[in-house]
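Take a look at the structure set out below.
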Amino acid sequence: MIVPLAHVLALAAAVFVLGLACAVMRRQLIMILIGVEIMLNAAALVMVGASAYWQQADGQVMVVLLMAVTASEVAVALAMVFYLRHRQGTIEADRFDRMQG
Amino acid sequence: MSETLLFLIPLLPLSCALANLLFGMRLPRLFAETLAVSGVAGATLLTLLFWDYAAGEGTRAVLATWLASGDVNVAFALHFDKLAAPMTLMVTGVATLIHLYAVGYMRQEQDYARFFTLLNLFVFAMLAIVLADNLLVLFLGWEGVGLCSYALIGFWYRDKNNARAGTKAFLVTRVGDVFLGIALLWLFALTGTLSISEINAQAAALAPGTVLALTLLLLLGACGKSAQLPLMTWLADAMAGPTPVSALIHAATMVTAGVYLLCRLFPLVSLSAAGMTAIAAVGALTALYAATCAMAQREIKRVLAYSTMSQVGYMFMAVGAGTVSGAMFHLFTHAFFKALLFMAAGCLIHLAGEENDIFRMGGLARRGPPELFWVFLAGAVCLAGMPLTGGFFSKDAVLLALFSHADPVYRVFWLVGVLTALLTAFYTFRLTYLVFAGEPRGAGHPHPVTWLMRWPLWPLALIGLAGGILNLPALVGGSERLQHWLGSLAGRQPSVSHQLEWQLIALAALLVLAGWAAAHWRYRAYRPPLDNRTARFLLQGWRTDQLVDLVVVRPFDAMARLIYIGADRALIDGTLKGLSHFTATCGGMVRRLTTGRLSTYLSAFAWGFLLILGWVLLALVARGGGH
């Protein structure tokens with residue numbers, strides 16, 4: 001393995017934090033979704049790295065599964081975003097606060 | 001015939017009551033009425049049929065075991081002995097006539113099934129008292145008559161006053177019942193049995209102080225049912241019920257239950273001289289109190305109610321003087337003539353157009369059927385104690401027993417009794433004059449009096465007038481039948497010289513004549529009622545209702561209010577409301593966390609994640625570098 005595992009993990013952590021920051025700080029539903037996708041990709045990166053490090057295919061299999069799950073999740077989420085935009089005329093996340101306690 | 005058949009006597013009215021209760025309104029009216037009357041009449045016939053069972057020690061019959069647990073073994077058992085047999089006959093006989101009268105009296109009543117059910121049920125409960133072999137069965141009947149009395153006083157419950165009178169009777173008699181209940185449990189604790197005869201047999205072994213306490217408890221219990229001081233306030237108000245009810249329950253039978261109880265437990269009661277004096281004192285005070293009240297009453301039934309109280313006082317005096325036969329004698333004659341007076345009063349009220357007030361009646365002698373006057377007069381002379389009537393002999397027996405008692409205190413009771421006899425004669429003739437003499441004063445339209453309401457009066461009038469035969473003293477050639485019949489149950493018998501006896505009889509006769517003369521002088525021509533302070537005081541029954549209100553009801557109300565405000569509202573409600581307020585506030589604070597905004601949740605999620613991450617890192621460092 002050319003790249004040390006520590007570097008892969010560091011990169012994944014950096015990507016995860018970026019995704020988290022995106023999800024937390026942005027207010028647009030699309031951007032939050034993108035943040036979530038980035039975090040998922042960071043997780044996938046960790047699995048690929050670990051798979052290469054231990055010479056086991058399980059991690060890569062998991063990543064393929066993860067891609068499928070992500071794709072379907074995005075499909076559903078985007079449909080909901082469109083629906084909300086159609087209904088409320090906005091995709092500002094904080095405008096949807098009707099579940100207030 | 002097996003002795004278990006004796007149970008038919010109480011069970012016949014009970015089964016008729018049940019039949020009327022379940023199907024009364026579906027049956028033709030005539031059938032329901034016949035059922036009610038035949039239940040009681042059948043009991044009367046059965047009593048006569050089984051009369052021989054009372055001979056000797058009487059007959060015991062057990063139907064079934066009621067309670068069996070450890071030492072407690074109580075059976076549905078009855079004891080038909082020489083005390084119970086005549087009482088049973090009196091109760092069933094008078095009740096039969098009153099049932100017949102009630103059929104006529106309640107002709108217009110829509111709710112006849114309820115009425116006859118309760119009336120029959122009452123007869124059953126009364127028979128349970130009379131025939132009970134153990135105190136628990138007696139208590140069952142005791143509460144049963146209380147319940148029926150309550151339901152029948154408030155029979156026309158749509159008028160709130162009637163319902164209130166029923167409640168009052170129920171509550172006041174309940175006070176007495178509590179004492180009876182205590183006496184019952186105490187007797188069980190002491191003797192280990194509830195059988196009346198066994199308790200009487202074991203009574204001699206009890207400590208004198210205990211016997212006195214038990215006697216006083218029994219006396220208080222008897223006072224509640226028999227409307228004696230201090231639990232007498234309910235009887236005058238009980239007149240709110242239909243007249244047959246007043247005749248049956250509040251004159252002839254139920255109010256004598258207390259006297260009967262004391263007679264039943266006489267071997268126990270008579271052991272305590274102080275207790276006997278207390279019984280006589282209660283009787284004397286009530287007799288005088290009620291007689292004074294009766295002198296000022298305006299409602300015909302209230303006059304009779306107070307006279308009942310007064311006459312039951314005589315019976316208590318007789319028990320206190322130790323003569324059971326005297327008490328039972330007066331009980332029987334009183335039952336006949338008082339039932340008669342009440343039923344006649346019901347007819348008179350009908351005749352006067354539902355007018356209760358004797359000052360607005362008048363002239364009824366010429367208005368209605370003349371026989372009504374004669375039967376009422378028969379009852380009145382019995383009540384007044386006119387010589388040769390039943391009431392005269394029975395009252396004389398009581399007074400003689402009081403006079404001849406060894407204890408000088410009884411002379412005072414005798415004096416009270418004599419004074420009461422004078423007052424009784426006065427108010428009885430006052431009533432008679434006001435109702436029958438002179439011109440009609442009321443504006444009411446007379447209602448017809450059916451034959452069914454008139455003819456049951458005749459047998460009662462005859463028995464009342466000739467009631468002396470039951471226990472005619474040897475002095476006038478009588479055989480003292482009741483006393484001989486009761487035998488060992490009759491209690492102490494006065495033994496005085498014939499000369500003294502004649503003197504007492506002459507005195508009693510003089511008193512009656514004096515009372516009559518006074519009433520004649522005062523009321524021969526109509527005079528409007530006095531309205532001075534004394535008259536009002538007597539009219540309101542010595543203001544005892546206000547006294548009870550002041551001493552019992554208002555402190556109770558105040559205490560209840562205090563408990564309501566202090567304990568209920570402040571303590572319990574305060575604690576509960578405080579707790580709920582506290583949880584609501586906490587919930588409100590936590591609620592603010594759920595803003596409904598995605599961003600808040602996400603950042604909270606991120607911070608929580610960071611926290612867990614930091615904690616995991618710390619844990620790894622603590623374990624040594626994470627190798």
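Values below: all heavy atoms of this structure, side chains included; hydrogens, waters and symmetry mates excluded. Protein chains get the first letters and strands the later ones, always in sequence-line order, with residue 1 at the start of each.
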For chain B, find its close neighbours in residues 14-31 of chain A: heavy-atom separation under 4.5 Å, sorted by number, or none.
-> A:F16, A:L20, A:A23, A:V24, A:R27, A:L29

So, the side chain of B:R114 versus the backbone of B:F155: is there a donor-acceptor pair under 3.5 Å, distance only?
-> yes

Any donor-acceptor pair under 3.5 Å from B:W66 side chain to B:L136 backbone = no

Should the heavy atoms of other residues, nucleotides or ligands under 6.0 Å from OH of B:Y150 be counted, would the total exceed 12?
-> no

Which atoms of B:F609 come close to chain A, meaning under 4.5 Å heavy atom to heavy atom: side chain ones, backbone ones, both, or neither?
-> side chain

Rounded to the nearest 0.5 Å, the CG atom of B:L119 sits from the SG atom of B:C148 at a distance of 8.5 Å

Would you give the length of the straight line joining atom CG of B:L152 to atom CG of B:L147, rounded to the nearest 0.5 angstrom?
-> 9.0 Å

Is any residue of residues 86-96 of chain A within less than 4.5 Å of chain B by heavy atoms, and which ones?
-> A:A93, A:D94, A:F96

Value for CZ (B:F23) from CG (B:L18), rounded to nearest 0.5 Å, stands at 9.5 Å

Heavy-atom contacts under 4.5 Å, residues 39-73 of chain A to chain B = none

Quiz: residues 168-186 of chain B side-chain donor-acceptor pairs under 3.5 angstrom, not counting sequence neighbours:
{"from": "B:K168", "atom 1": "NZ", "to": "B:D237", "atom 2": "OD2", "distance (Å)": "2.5"}
{"from": "B:K168", "atom 1": "NZ", "to": "B:D545", "atom 2": "OD1", "distance (Å)": "2.9"}
{"from": "B:K168", "atom 1": "NZ", "to": "B:D545", "atom 2": "OD2", "distance (Å)": "3.2"}
{"from": "B:T173", "atom 1": "OG1", "to": "B:A169", "atom 2": "O", "distance (Å)": "2.7"}
{"from": "B:T173", "atom 1": "OG1", "to": "B:F170", "atom 2": "O", "distance (Å)": "3.1"}
{"from": "B:R174", "atom 1": "NE", "to": "B:F170", "atom 2": "O", "distance (Å)": "3.4"}
{"from": "B:R174", "atom 1": "NH1", "to": "B:E143", "atom 2": "OE1", "distance (Å)": "2.2"}
{"from": "B:R174", "atom 1": "NH1", "to": "B:D177", "atom 2": "OD2", "distance (Å)": "3.3"}
{"from": "B:R174", "atom 1": "NH2", "to": "B:D177", "atom 2": "OD2", "distance (Å)": "3.4"}
{"from": "B:D177", "atom 1": "OD1", "to": "B:W142", "atom 2": "NE1", "distance (Å)": "2.8"}

Is a donor on one side and an acceptor on the other found under 3.5 Å between the side chain of B:T65 and the backbone of B:L67?
-> no

Is B:N162 reaching over with its side chain to a backbone N or O of B:W156, donor-acceptor style, under 3.5 angstrom?
-> yes

Looking only at non-hydrogen atoms, find the nearest pair between B:G141 and B:A128 and report the distance.
-> CA-CB, 3.9 Å

Can you measure from CG (B:L617) to CD1 (B:I612) and round to the nearest 0.5 angstrom?
-> 12.0 Å

When rounded to the nearest 0.5 angstrom, what distance separates CD1 in B:I572 from CD1 in B:I563?
-> 10.5 Å

How far does OG1 of B:T233 sit from CG of B:D549, to the nearest 0.5 angstrom?
-> 11.0 Å

